[in-house]
2 protein chains.
Amino acid sequence: MSYTYDYPHPAVTADIVIFSIRDEELHVLLIQRKLNPFKGAWALPGGFIQMDEDLETGAARELAEETGLTGIHLEQLGAFGRPDRDPRERVITIAFLALVPSDKLVLSAATDASDAQWHNLSDLPKLAFDHENILNAGRERLANMVSSDIAQSARVVFKFLPGKFTLAQAQSVFEIIKGEALDKRNFRKWIMANWALTDLEEKTQGGRHRPAALYSLT
Amino acid sequence: MSYTYDYPHPAVTADIVIFSIRDEELHVLLIQRKLNPFKGAWALPGGFIQMDEDLETGAARELAEETGLTGIHLEQLGAFGRPDRDPRERVITIAFLALVPSDKLVLSAATDASDAQWHNLSDLPKLAFDHENILNAGRERLANMVSSDIAQSARVVFKFLPGKFTLAQAQSVFEIIKGEALDKRNFRKWIMANWALTDLEEKTQGGRHRPAALYSLT
DNA sequence: CCAAAAGTGTTGCAGCTACACCCATGT
DNA sequence: ACATGGGTGTAGCTGCAACACTTTTGG
(Lines give C-alpha, C1' and ligand atoms only; values in the text may rest on other atoms or scores of the structure.)
Protein backbone atom coordinates (compact mmCIF):
# COMPACT_ATOMS: atom_id res chain seq x y z
CA MET A 1 0.00 0.00 0.00
CA SER A 2 1.31 3.45 -0.78
CA TYR A 3 0.09 7.02 -0.63
CA THR A 4 0.53 9.60 -3.32
CA TYR A 5 0.22 13.37 -3.22
CA ASP A 6 0.59 16.16 -5.74
CA TYR A 7 2.97 17.99 -3.47
CA PRO A 8 5.61 16.64 -1.11
CA HIS A 9 4.44 16.11 2.46
CA PRO A 10 6.55 15.89 5.57
CA ALA A 11 6.12 13.14 8.11
CA VAL A 12 4.78 14.32 11.45
CA THR A 13 5.67 12.79 14.79
CA ALA A 14 4.93 13.48 18.42
CA ASP A 15 7.72 13.35 20.98
CA ILE A 16 7.25 13.52 24.70
CA VAL A 17 9.52 15.12 27.23
CA ILE A 18 8.43 13.42 30.38
CA PHE A 19 9.95 14.48 33.64
CA SER A 20 9.87 12.97 37.06
CA ILE A 21 11.70 13.55 40.27
CA ARG A 22 13.70 10.67 41.63
CA ASP A 23 16.07 10.94 44.58
CA GLU A 24 15.49 14.67 44.74
CA GLU A 25 16.68 15.16 41.17
CA LEU A 26 14.94 15.81 37.88
CA HIS A 27 14.89 12.85 35.55
CA VAL A 28 13.67 12.41 32.00
CA LEU A 29 12.37 9.24 30.45
CA LEU A 30 14.34 8.05 27.44
CA ILE A 31 14.05 5.11 25.09
CA GLN A 32 16.93 3.25 23.58
CA ARG A 33 16.42 3.10 19.84
CA LYS A 34 16.28 -0.35 18.31
CA LEU A 35 16.39 0.80 14.70
CA ASN A 36 18.40 3.07 12.51
CA PRO A 37 18.94 5.93 12.31
CA PHE A 38 20.64 6.48 15.66
CA LYS A 39 20.32 2.78 16.51
CA GLY A 40 21.33 2.26 20.10
CA ALA A 41 21.16 5.95 20.96
CA TRP A 42 18.76 7.32 23.52
CA ALA A 43 15.76 9.31 22.38
CA LEU A 44 12.58 10.84 23.67
CA PRO A 45 9.60 8.53 23.47
CA GLY A 46 7.41 9.31 20.49
CA GLY A 47 6.36 8.25 17.04
CA PHE A 48 4.26 9.00 14.02
CA ILE A 49 0.93 10.70 14.32
CA GLN A 50 -1.83 8.72 12.72
CA MET A 51 -4.08 10.33 10.18
CA ASP A 52 -7.23 10.07 12.22
CA GLU A 53 -5.96 11.06 15.63
CA ASP A 54 -5.44 14.37 17.31
CA LEU A 55 -1.90 15.47 18.12
CA GLU A 56 -2.29 15.01 21.82
CA THR A 57 -4.01 11.67 21.38
CA GLY A 58 -1.14 10.50 19.24
CA ALA A 59 1.38 11.60 21.81
CA ALA A 60 -0.52 9.81 24.56
CA ARG A 61 -0.74 6.66 22.46
CA GLU A 62 2.97 6.64 21.68
CA LEU A 63 3.79 7.24 25.29
CA ALA A 64 1.62 4.35 26.35
CA GLU A 65 3.03 2.04 23.71
CA GLU A 66 6.63 2.76 24.47
CA THR A 67 6.56 3.17 28.21
CA GLY A 68 3.27 1.84 29.53
CA LEU A 69 2.44 5.16 31.14
CA THR A 70 -1.18 6.17 30.78
CA GLY A 71 -3.44 8.86 32.11
CA ILE A 72 -0.67 11.44 32.07
CA HIS A 73 -1.47 15.06 31.43
CA LEU A 74 0.29 16.30 28.29
CA GLU A 75 0.98 19.90 27.50
CA GLN A 76 2.16 21.04 24.12
CA LEU A 77 5.69 22.29 24.08
CA GLY A 78 5.95 23.28 20.44
CA ALA A 79 6.85 22.11 16.97
CA PHE A 80 10.38 21.31 15.89
CA GLY A 81 10.97 21.11 12.20
CA ARG A 82 14.48 21.91 11.04
CA PRO A 83 14.65 20.41 7.55
CA ASP A 84 17.68 18.27 8.40
CA ARG A 85 16.60 17.04 11.80
CA ASP A 86 15.91 13.54 10.51
CA PRO A 87 18.29 12.00 7.96
CA ARG A 88 15.59 9.87 6.36
CA GLU A 89 13.04 12.39 5.22
CA ARG A 90 11.52 15.65 6.32
CA VAL A 91 10.03 15.03 9.74
CA ILE A 92 8.30 17.67 11.78
CA THR A 93 7.71 16.78 15.38
CA ILE A 94 5.23 18.17 17.84
CA ALA A 95 6.76 18.01 21.29
CA PHE A 96 4.76 17.54 24.46
CA LEU A 97 5.66 18.05 28.07
CA ALA A 98 4.49 15.73 30.81
CA LEU A 99 5.18 15.37 34.49
CA VAL A 100 4.70 12.25 36.56
CA PRO A 101 4.77 11.84 40.29
CA SER A 102 7.23 9.37 41.70
CA ASP A 103 4.46 7.07 42.85
CA LYS A 104 3.27 6.47 39.29
CA LEU A 105 6.42 4.70 38.30
CA VAL A 106 4.89 1.45 37.21
CA LEU A 107 7.13 1.74 34.22
CA SER A 108 8.99 -1.50 33.79
CA ALA A 109 5.99 -3.47 34.93
CA ALA A 110 3.89 -2.30 32.01
CA THR A 111 6.45 -2.21 29.26
CA ASP A 112 7.80 -5.56 28.17
CA ALA A 113 11.22 -4.86 26.75
CA SER A 114 11.87 -2.08 29.20
CA ASP A 115 14.25 -0.15 27.03
CA ALA A 116 12.75 2.89 28.68
CA GLN A 117 14.84 4.35 31.45
CA TRP A 118 14.86 7.40 33.64
CA HIS A 119 17.95 9.52 33.20
CA ASN A 120 19.19 12.14 35.57
CA LEU A 121 19.22 15.51 33.83
CA SER A 122 22.70 16.15 35.09
CA ASP A 123 24.05 13.00 33.54
CA LEU A 124 22.56 12.61 30.10
CA PRO A 125 23.76 10.48 27.20
CA LYS A 126 23.98 11.89 23.69
CA LEU A 127 20.50 12.01 22.26
CA ALA A 128 19.22 11.04 18.83
CA PHE A 129 18.02 13.65 16.31
CA ASP A 130 17.54 17.12 17.80
CA HIS A 131 16.10 15.67 20.97
CA GLU A 132 18.57 17.55 23.07
CA ASN A 133 17.05 20.81 21.83
CA ILE A 134 13.57 19.57 22.56
CA LEU A 135 14.57 18.44 26.00
CA ASN A 136 16.09 21.83 26.73
CA ALA A 137 12.90 23.51 25.60
CA GLY A 138 11.10 21.33 28.13
CA ARG A 139 13.51 22.30 30.89
CA GLU A 140 13.06 25.96 30.12
CA ARG A 141 9.31 25.67 30.08
CA LEU A 142 9.35 23.96 33.41
CA ALA A 143 11.56 26.66 34.87
CA ASN A 144 9.32 29.39 33.50
CA MET A 145 6.28 27.79 35.06
CA VAL A 146 7.51 28.56 38.51
CA SER A 147 9.18 31.86 37.82
CA SER A 148 7.08 34.96 38.06
CA ASP A 149 9.32 37.49 36.42
CA ILE A 150 7.81 39.08 33.44
CA ALA A 151 10.97 40.36 31.85
CA GLN A 152 11.67 37.80 29.19
CA SER A 153 8.27 37.27 27.70
CA ALA A 154 6.95 40.79 27.87
CA ARG A 155 9.81 42.06 25.79
CA VAL A 156 8.04 41.30 22.53
CA VAL A 157 5.23 43.59 23.55
CA PHE A 158 7.53 46.45 22.65
CA LYS A 159 7.25 45.24 19.06
CA PHE A 160 3.94 47.02 19.02
CA LEU A 161 5.82 50.26 19.34
CA PRO A 162 7.87 52.05 16.72
CA GLY A 163 11.62 52.29 17.28
CA LYS A 164 11.21 55.67 18.95
CA PHE A 165 8.26 55.99 21.22
CA THR A 166 6.87 58.14 23.96
CA LEU A 167 6.02 56.84 27.39
CA ALA A 168 2.38 57.60 26.72
CA GLN A 169 2.46 55.32 23.67
CA ALA A 170 4.06 52.55 25.70
CA GLN A 171 1.46 52.97 28.40
CA SER A 172 -1.29 52.79 25.86
CA VAL A 173 0.05 49.51 24.49
CA PHE A 174 0.17 47.91 27.91
CA GLU A 175 -3.27 49.20 28.74
CA ILE A 176 -4.75 47.76 25.60
CA ILE A 177 -3.20 44.36 26.17
CA LYS A 178 -4.11 44.21 29.81
CA GLY A 179 -7.52 45.65 29.14
CA GLU A 180 -7.39 48.06 32.04
CA ALA A 181 -6.33 51.61 32.69
CA LEU A 182 -3.00 52.21 34.37
CA ASP A 183 -1.90 55.11 36.52
CA LYS A 184 0.40 57.38 34.55
CA ARG A 185 2.91 58.07 37.29
CA ASN A 186 3.08 54.48 38.43
CA PHE A 187 3.49 53.22 34.90
CA ARG A 188 6.36 55.57 34.29
CA LYS A 189 8.13 54.50 37.45
CA TRP A 190 7.56 50.86 36.55
CA ILE A 191 8.80 51.06 33.01
CA MET A 192 11.88 53.06 33.94
CA ALA A 193 12.70 50.66 36.75
CA ASN A 194 12.17 47.45 34.81
CA TRP A 195 13.24 48.12 31.26
CA ALA A 196 16.38 49.61 29.89
CA LEU A 197 15.06 52.60 27.99
CA THR A 198 17.37 55.13 26.45
CA ASP A 199 16.28 58.70 26.42
CA LEU A 200 16.86 59.82 22.85
CA GLU A 201 16.96 63.47 23.90
CA GLU A 202 14.45 64.12 21.19
CA LYS A 203 10.92 65.41 21.31
CA THR A 204 7.81 64.80 19.34
CA GLN A 205 6.43 67.81 17.58
CA GLY A 206 3.32 68.87 15.84
CA GLY A 207 0.78 68.05 18.51
CA ARG A 208 -1.00 71.07 19.86
CA HIS A 209 0.30 70.37 23.30
CA ARG A 210 3.56 69.98 25.12
CA PRO A 211 6.03 67.81 23.17
CA ALA A 212 6.89 64.38 24.56
CA ALA A 213 10.30 62.85 25.09
CA LEU A 214 11.20 59.93 22.85
CA TYR A 215 12.73 56.71 24.08
CA SER A 216 13.95 53.48 22.60
CA LEU A 217 14.29 50.05 24.15
CA THR A 218 17.93 49.16 24.60
CA MET B 1 4.89 15.33 -10.69
CA SER B 2 3.69 13.43 -7.69
CA TYR B 3 5.08 12.18 -4.42
CA THR B 4 4.59 8.76 -2.98
CA TYR B 5 5.11 7.45 0.53
CA ASP B 6 4.69 4.09 2.22
CA TYR B 7 2.60 5.64 4.95
CA PRO B 8 0.09 8.47 4.76
CA HIS B 9 1.52 11.91 5.49
CA PRO B 10 -0.34 14.99 6.60
CA ALA B 11 0.15 18.35 4.95
CA VAL B 12 1.81 20.93 7.15
CA THR B 13 1.12 24.63 7.01
CA ALA B 14 2.18 27.70 8.93
CA ASP B 15 -0.39 30.28 9.97
CA ILE B 16 0.40 33.62 11.44
CA VAL B 17 -1.57 35.52 14.05
CA ILE B 18 -0.32 39.01 13.51
CA PHE B 19 -1.51 41.73 15.81
CA SER B 20 -1.24 45.45 15.64
CA ILE B 21 -2.77 48.33 17.48
CA ARG B 22 -4.79 50.77 15.45
CA ASP B 23 -6.91 53.54 16.94
CA GLU B 24 -6.14 52.27 20.42
CA GLU B 25 -7.57 48.84 19.70
CA LEU B 26 -6.07 45.46 18.98
CA HIS B 27 -6.36 44.37 15.37
CA VAL B 28 -5.44 41.17 13.59
CA LEU B 29 -4.45 40.84 9.98
CA LEU B 30 -6.73 38.59 7.93
CA ILE B 31 -6.79 37.48 4.34
CA GLN B 32 -9.88 36.92 2.30
CA ARG B 33 -9.68 33.49 0.74
CA LYS B 34 -9.85 33.33 -3.01
CA LEU B 35 -10.19 29.57 -3.25
CA ASN B 36 -12.26 26.82 -1.78
CA PRO B 37 -12.65 25.60 0.84
CA PHE B 38 -14.04 28.61 2.69
CA LYS B 39 -13.85 30.73 -0.44
CA GLY B 40 -14.58 34.31 0.45
CA ALA B 41 -14.15 33.74 4.17
CA TRP B 42 -11.48 35.48 6.20
CA ALA B 43 -8.49 33.52 7.38
CA LEU B 44 -5.14 33.96 9.02
CA PRO B 45 -2.32 34.45 6.55
CA GLY B 46 -0.34 31.28 6.02
CA GLY B 47 0.37 28.43 3.69
CA PHE B 48 2.24 25.23 3.10
CA ILE B 49 5.67 24.70 4.54
CA GLN B 50 8.17 23.78 1.87
CA MET B 51 10.30 20.73 2.27
CA ASP B 52 13.59 22.52 2.51
CA GLU B 53 12.66 25.40 4.77
CA ASP B 54 12.46 25.77 8.49
CA LEU B 55 9.06 26.31 10.10
CA GLU B 56 9.73 29.90 11.00
CA THR B 57 11.22 30.62 7.60
CA GLY B 58 8.13 29.22 5.96
CA ALA B 59 5.90 31.35 8.13
CA ALA B 60 7.90 34.45 7.33
CA ARG B 61 7.79 33.65 3.62
CA GLU B 62 4.03 33.14 3.61
CA LEU B 63 3.53 36.32 5.56
CA ALA B 64 5.64 38.24 3.07
CA GLU B 65 3.88 36.72 0.09
CA GLU B 66 0.42 37.36 1.34
CA THR B 67 0.80 40.67 3.05
CA GLY B 68 4.11 42.21 2.03
CA LEU B 69 5.25 42.42 5.63
CA THR B 70 8.90 41.51 6.15
CA GLY B 71 11.39 41.63 8.96
CA ILE B 72 8.77 40.80 11.54
CA HIS B 73 9.70 38.82 14.62
CA LEU B 74 7.77 35.56 14.77
CA GLU B 75 7.22 33.54 17.89
CA GLN B 76 5.84 30.04 17.79
CA LEU B 77 2.38 29.73 19.23
CA GLY B 78 1.88 26.00 18.84
CA ALA B 79 0.64 23.27 16.56
CA PHE B 80 -3.00 22.75 15.73
CA GLY B 81 -3.91 19.44 14.24
CA ARG B 82 -7.44 18.29 14.83
CA PRO B 83 -8.00 15.60 12.19
CA ASP B 84 -11.03 17.36 10.75
CA ARG B 85 -9.76 20.91 10.75
CA ASP B 86 -9.38 20.96 6.99
CA PRO B 87 -12.04 19.30 4.83
CA ARG B 88 -9.60 18.46 2.02
CA GLU B 89 -7.01 16.33 3.75
CA ARG B 90 -5.23 16.06 7.07
CA VAL B 91 -3.52 19.36 7.60
CA ILE B 92 -1.49 20.19 10.66
CA THR B 93 -0.64 23.81 11.11
CA ILE B 94 2.10 25.45 13.10
CA ALA B 95 0.85 28.79 14.32
CA PHE B 96 3.07 31.80 14.88
CA LEU B 97 2.50 35.01 16.75
CA ALA B 98 3.77 38.34 15.49
CA LEU B 99 3.35 41.94 16.54
CA VAL B 100 3.83 44.97 14.36
CA PRO B 101 4.06 48.61 15.32
CA SER B 102 1.58 50.95 13.73
CA ASP B 103 4.28 52.70 11.77
CA LYS B 104 5.16 49.56 9.85
CA LEU B 105 1.86 49.43 8.10
CA VAL B 106 3.15 49.56 4.57
CA LEU B 107 0.65 46.83 3.96
CA SER B 108 -1.42 47.74 0.95
CA ALA B 109 1.58 49.39 -0.68
CA ALA B 110 3.48 46.15 -0.82
CA THR B 111 0.75 43.66 -1.55
CA ASP B 112 -0.85 43.96 -4.93
CA ALA B 113 -4.32 42.58 -4.53
CA SER B 114 -4.64 43.83 -0.98
CA ASP B 115 -7.09 41.22 0.15
CA ALA B 116 -5.30 41.55 3.47
CA GLN B 117 -7.08 43.70 5.99
CA TRP B 118 -6.77 44.62 9.62
CA HIS B 119 -9.76 43.59 11.68
CA ASN B 120 -10.67 44.90 15.08
CA LEU B 121 -10.67 42.05 17.57
CA SER B 122 -13.99 43.18 18.91
CA ASP B 123 -15.62 42.96 15.53
CA LEU B 124 -14.44 39.83 13.81
CA PRO B 125 -15.97 37.99 10.88
CA LYS B 126 -16.40 34.23 10.92
CA LEU B 127 -13.06 32.68 10.23
CA ALA B 128 -12.12 29.77 7.98
CA PHE B 129 -11.00 26.42 9.39
CA ASP B 130 -10.20 26.49 13.11
CA HIS B 131 -8.59 29.87 12.80
CA GLU B 132 -10.77 31.27 15.49
CA ASN B 133 -9.17 28.84 17.95
CA ILE B 134 -5.72 29.77 16.80
CA LEU B 135 -6.51 33.43 17.08
CA ASN B 136 -7.78 32.95 20.60
CA ALA B 137 -4.61 31.12 21.51
CA GLY B 138 -2.72 34.15 20.26
CA ARG B 139 -4.83 36.51 22.36
CA GLU B 140 -4.25 34.43 25.43
CA ARG B 141 -0.54 34.28 24.84
CA LEU B 142 -0.41 38.02 24.47
CA ALA B 143 -2.35 38.52 27.68
CA ASN B 144 -0.08 36.13 29.55
CA MET B 145 2.98 37.99 28.40
CA VAL B 146 2.07 41.00 30.44
CA SER B 147 0.53 39.23 33.38
CA SER B 148 2.78 38.18 36.18
CA ASP B 149 0.56 35.81 38.06
CA ILE B 150 1.89 32.38 38.32
CA ALA B 151 -1.30 30.57 39.14
CA GLN B 152 -2.33 29.09 35.85
CA SER B 153 0.91 27.71 34.54
CA ALA B 154 2.43 26.50 37.78
CA ARG B 155 -0.50 24.25 38.42
CA VAL B 156 0.97 21.39 36.41
CA VAL B 157 3.95 21.36 38.70
CA PHE B 158 1.74 19.60 41.20
CA LYS B 159 1.68 16.69 38.77
CA PHE B 160 5.07 15.82 40.17
CA LEU B 161 3.39 15.05 43.44
CA PRO B 162 1.25 12.09 44.35
CA GLY B 163 -2.42 12.74 45.07
CA LYS B 164 -1.70 13.05 48.77
CA PHE B 165 1.44 14.89 49.64
CA THR B 166 3.14 16.60 52.53
CA LEU B 167 4.18 20.21 52.46
CA ALA B 168 7.78 19.11 52.64
CA GLN B 169 7.35 17.10 49.46
CA ALA B 170 5.77 20.05 47.71
CA GLN B 171 8.59 22.29 48.84
CA SER B 172 11.12 19.84 47.57
CA VAL B 173 9.50 19.80 44.13
CA PHE B 174 9.57 23.57 43.86
CA GLU B 175 13.13 23.69 45.08
CA ILE B 176 14.28 21.20 42.51
CA ILE B 177 12.61 23.04 39.67
CA LYS B 178 13.78 26.44 40.75
CA GLY B 179 17.21 25.11 41.58
CA GLU B 180 17.42 26.95 44.86
CA ALA B 181 16.61 26.34 48.48
CA LEU B 182 13.45 27.87 49.88
CA ASP B 183 12.68 28.94 53.40
CA LYS B 184 10.37 26.44 55.02
CA ARG B 185 8.12 28.90 56.82
CA ASN B 186 7.84 31.25 53.88
CA PHE B 187 7.10 28.39 51.52
CA ARG B 188 4.31 27.14 53.74
CA LYS B 189 2.77 30.57 53.96
CA TRP B 190 3.04 31.00 50.20
CA ILE B 191 1.53 27.68 49.28
CA MET B 192 -1.35 28.02 51.69
CA ALA B 193 -2.09 31.53 50.50
CA ASN B 194 -1.89 30.84 46.78
CA TRP B 195 -3.19 27.35 46.26
CA ALA B 196 -6.33 25.70 47.42
CA LEU B 197 -5.01 22.78 49.42
CA THR B 198 -7.28 20.58 51.41
CA ASP B 199 -6.02 19.22 54.65
CA LEU B 200 -6.80 15.53 54.49
CA GLU B 201 -6.61 15.18 58.27
CA GLU B 202 -4.28 12.29 57.72
CA LYS B 203 -0.70 11.77 58.71
CA THR B 204 2.22 10.00 57.19
CA GLN B 205 3.61 7.22 59.28
CA GLY B 206 6.63 5.02 59.43
CA GLY B 207 9.36 7.63 59.40
CA ARG B 208 11.39 7.72 62.56
CA HIS B 209 10.35 11.27 63.17
CA ARG B 210 7.25 13.33 63.69
CA PRO B 211 4.48 12.40 61.20
CA ALA B 212 3.52 14.97 58.56
CA ALA B 213 0.07 16.18 57.57
CA LEU B 214 -1.16 15.17 54.14
CA TYR B 215 -2.75 17.56 51.69
CA SER B 216 -4.26 17.39 48.23
CA LEU B 217 -4.67 20.09 45.62
CA THR B 218 -8.30 21.02 45.22
C1' DC C 1 17.60 10.16 75.38
C1' DC C 2 18.95 10.87 70.75
C1' DA C 3 18.19 11.52 65.83
C1' DA C 4 15.26 13.22 62.33
C1' DA C 5 11.96 15.77 60.22
C1' DA C 6 7.49 18.58 61.26
C1' DG C 7 5.64 22.56 62.62
C1' DT C 8 5.18 27.55 63.95
C1' DG C 9 5.47 34.13 64.21
C1' DT C 10 7.43 38.40 63.95
C1' DT C 11 9.95 42.19 62.09
C1' DG C 12 11.99 45.10 58.48
C1' DC C 13 12.05 46.47 53.92
C1' DA C 14 10.97 46.98 49.20
C1' DG C 15 7.84 47.72 45.91
C1' DC C 16 3.15 48.69 44.70
C1' DT C 17 -1.08 51.64 44.82
C1' DA C 18 -3.61 55.78 45.26
C1' DC C 19 -3.85 60.37 44.38
C1' DA C 20 -3.71 66.11 42.03
C1' DC C 21 -1.46 69.67 40.09
C1' DC C 22 1.66 72.41 36.96
C1' DC C 23 4.01 72.66 32.19
C1' DA C 24 4.81 73.31 27.23
C1' DT C 25 2.94 73.76 22.94
C1' DG C 26 -0.55 75.05 18.97
C1' DT C 27 -4.52 77.55 17.69
C1' DA D 1 -6.60 82.48 26.70
C1' DC D 2 -7.70 77.95 26.27
C1' DA D 3 -7.41 73.22 24.99
C1' DT D 4 -4.55 69.24 24.93
C1' DG D 5 -1.70 65.91 26.43
C1' DG D 6 3.20 65.77 29.01
C1' DG D 7 5.39 65.52 33.14
C1' DT D 8 6.22 65.08 38.29
C1' DG D 9 6.31 63.22 44.31
C1' DT D 10 4.68 61.31 48.50
C1' DA D 11 2.45 58.52 51.94
C1' DG D 12 0.30 54.25 53.31
C1' DC D 13 0.01 49.52 52.74
C1' DT D 14 0.91 44.91 51.39
C1' DG D 15 3.50 41.20 50.42
C1' DC D 16 8.03 39.09 50.65
C1' DA D 17 12.55 37.84 52.86
C1' DA D 18 15.14 36.84 56.86
C1' DC D 19 15.48 34.38 60.88
C1' DA D 20 15.48 29.91 65.47
C1' DC D 21 13.26 27.13 68.37
C1' DT D 22 9.81 23.54 69.98
C1' DT D 23 7.24 19.19 68.89
C1' DT D 24 6.48 14.47 67.72
C1' DT D 25 7.76 10.20 66.47
C1' DG D 26 10.99 5.75 66.08
C1' DG D 27 14.96 3.47 67.55
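In what follows, every chain begins at residue 1, and chains take the letters A, B, ... in the order their sequences are listed.
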Can you tell me whether the side chain of [X] and the base of [N] have a donor-acceptor pair closer than 3.5 Å?
X	N	value
B:Arg210	D:dT23	yes
A:Lys189	D:dT10	yes
B:Arg188	C:dA6	no

> Starting at the 5' end of DNA chain D, which residue's closest nucleotide do you reach first, B:Trp190 or B:Asp183?
Replying inline: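 Checking each residue's closest nucleotide, the 5'-ward one belongs to B:Trp190.
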> Closest nucleotide of DNA chain D for A:Leu167 versus for A:Arg208: which of these residues is on the 5' side?
Replying inline: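 The answer here is A:Arg208.
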>> Under the criterion side chain to side chain contact (heavy atoms under 4.5 Å, CB included), I'd like the reasoning laid out for A:His73 against B:Arg155: C-alpha separation, chi angles, the key distance, then a yes or no.
In response: CA-CA 12 Å; A:His73 170 83; B:Arg155 198 178 177 86; over 6 Å; no
Value in whole Å for how far the [atom2] atom of [N] lies from [atom1] of [X]:
X	N	atom1	atom2	answer
B:Phe187	D:dC19	CZ	C1'	18 Å
B:Arg185	D:dT23	CZ	P	15 Å
A:Met192	D:dG7	CE	C1'	12 Å
A:Leu182	C:dC19	CG	P	15 Å
B:Lys203	D:dG26	NZ	C1'	16 Å
A:Ile191	D:dG6	CD1	C1'	15 Å
A:Leu214	D:dG7	CG	C1'	14 Å

> If each of A:Gly207 and B:Pro211 is mapped to the nucleotide of DNA chain C with the nearest heavy atom, which maps nearer the 5' terminus, i.e. the 5' end?
Replying inline: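 With A:Gly207 and B:Pro211 compared, the 5'-side residue is B:Pro211.
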> For DNA chain C, whose closest nucleotide is more 5', that of A:Lys184 or that of A:Gln205?
Replying inline: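 It is A:Lys184 whose nearest nucleotide is closer to the 5' end.
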> Taking the side chain of B:His209 as heavy atoms from C-beta outward, which of D:dG9, C:dA5, C:dG7 is closest to it?
Replying inline: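 Output: C:dA5.
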> Out of D:dG9, D:dG7, D:dA18, which nucleotide sits closest to the side chain of A:Asn186?
Replying inline: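 Closest nucleotide among those given: D:dG9.
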> Hey, would you say the A:Trp190 and A:Phe174 ring centroids sit under 6.0 Å apart?
Replying inline: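 Between A:Trp190 and A:Phe174, the centre distance is under 6.0 Å.
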>> Within the 4.0 Å heavy-atom criterion, would you say B:Ala193 contacts the bases, only the backbone, or no part of the nucleic acid?
In response: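 Contact class for B:Ala193: none.
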> Run the salt bridge (charged side-chain N to carboxylate O under 4.0 Å, His left out) check on A:Asp130 and A:Arg82 step by step: do they pass?
Replying inline: CA-CA 9 Å; A:Asp130 58 351; A:Arg82 276 208 351 254; 5.1 Å; no
> Does the side chain to side chain contact (heavy atoms under 4.5 Å, CB included) test come out yes or no for A:Val156 and B:Glu75, once each step is laid out?
Replying inline: CA-CA 9 Å; A:Val156 282; B:Glu75 176 171 320; 3.7 Å; yes
>> Assess the residue pair B:Phe19 and B:Leu135 against the criterion (side chain to side chain contact (heavy atoms under 4.5 Å, CB included)); give the C-alpha distance rounded to whole Å, side-chain angles, the decisive distance to 0.1 Å, and a yes or no.
In response: CA-CA 10 Å; B:Phe19 288 127; B:Leu135 175 54; 3.7 Å; yes
